[in-house]
Amino acid sequence: MLLEQSFFERPADAVAPDLLGCTIVRRIDGEEYRGVIVETEAYDATDPACHGYRRKTQRNQSIFGEPGTAYVYLIYGTYHCFNIVTDRQDFCSAVLIRAIECEKLPIWRNPTEKAHRAGAGPGKLCQLFKIDRQLDGITLAPNFGLWLESRSANFAEEIYQTTRIGITQGVDLPWRWYLRDRKSVSRK
DNA sequence: GACGGGATCCGG
DNA sequence: CGGATCCCGTCG
């Protein structure tokens with residue numbers, strides 16, 4: 001079932017664990033690709049690691065947008081990172097998707113590639129699903145070709161909570177969550 | 001106008 | 001552990 005805006009109208013640290021086990025759906029050229037979210041991180045205005053911590057700028061403006069929209073940015077000149085905006089309009093707050101696992105590789109990928117590593121990491125999953133800054137600010141819904149679906153009814157995986165990765169500030173906040181038994185998690 | 005750092009990834 | 005590589009925020 002499609003995750004609607006109301007799902008995202010909560011603090012990022014409440015939404016982030018609830019997104020584990022949900023599915024990202026990407027539609028390209030009429031084909032749908034799906035990936036189960038296995039690792040997330042939360043960021044918000046109270047947190048010095050958050051891009052919107054200081055002020056709203058051209059680069060980060062979409063993290064201040066409506067809950068249920070996308071915040072996509074370029075990092076290290078090479079990779080994109082995909083976030084889902086949470087909480088409320090004009091408050092900067094989002095969940096970074098750090099890893100997904102998919103069964104069917106997109107057609108643009110080498111079929112001999114190991115599918116279970118293809119979405120292991122925030123930059124890699126954006127490559128896998130062709131997520132770039134063209135999608136920055138969009139509403140996550142089928143008519144934009146990128147959306148989220150809720151967990152299956154029998155979801156029962158164990159969720160772990162720990163500190164975030166790759167940041168220099170706010171390193172002690174336990175705002176990373178992952179599914180324990182999944183292969184694509186960055187570090188456990 | 002220039003400078004430099006970044007929520008990453010890969011190879012050695 | 002270093003390099004790739006681009007955008008843009010910050011400072012002068």
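In the text below, chain A, chain B and the rest are named by the order of the sequence lines, each starting its count at 1.
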Searching all strands shown, indicate the nucleotide that pairs with B:dA2 (Watson-Crick or G-U wobble; both distances under 3.5 Å).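 C:dT10 - that is the nucleotide pairing with B:dA2, both distances being under 3.5 Å.
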With both distances kept under 3.5 Å, what pairs with C:dT5, Watson-Crick or G-U wobble?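 When the pairing criteria are applied, nothing turns out to pair with C:dT5, so the answer is none.
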Are OP1 or OP2 of [N] and a side-chain N or O of [X] less than 4.0 angstrom apart?
X     : N      : value
A:T57 : C:dG9  : yes
A:R54 : C:dT10 : yes
A:H51 : B:dG6  : no

Cationic tip of A:R59 above A:Y73 ring, under 6.0 Å, 45° of axis: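 Cation-pi check for A:R59 and A:Y73: passes.
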Please identify each residue that fulfils side chain to side chain donor-acceptor pair (under 3.5 Å) with A:E9, with sequence neighbours left out.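 For A:E9 the side chain to side chain donor-acceptor pair (under 3.5 Å) partners, ignoring immediate neighbours, are A:Q5.
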Close approaches to DNA chain B from residues 162-188 of chain A, in residue order (heavy atom, under 4.0 Å):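 Going residue by residue through residues 162-188 of chain A, the ones with a heavy atom under 4.0 Å of DNA chain B turn out to be A:G166, A:I167.
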Sorted by number, the residues of residues 86-118 of chain A with heavy-atom contact under 4.0 Å to DNA chain B: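 Residues of residues 86-118 of chain A under 4.0 Å from DNA chain B: A:L96, A:R98.
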Whole-Å distance separating the CD1 atom of A:I75 from the P atom of B:dG6: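 Nearest whole value for this atom pair: 9 Å.
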Which residue, A:Y79 or A:R55, contacts DNA chain C at a nucleotide closer to its 5' end, judged by nearest heavy atom?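 It is A:Y79 whose nearest nucleotide is closer to the 5' end.
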With a centroid cutoff of 5.5 Å and a plane-angle limit of 30°, would you call A:Y43 stacked on B:dA7?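 According to the criterion (under 5.5 Å, under 30°), yes, A:Y43 stacks.
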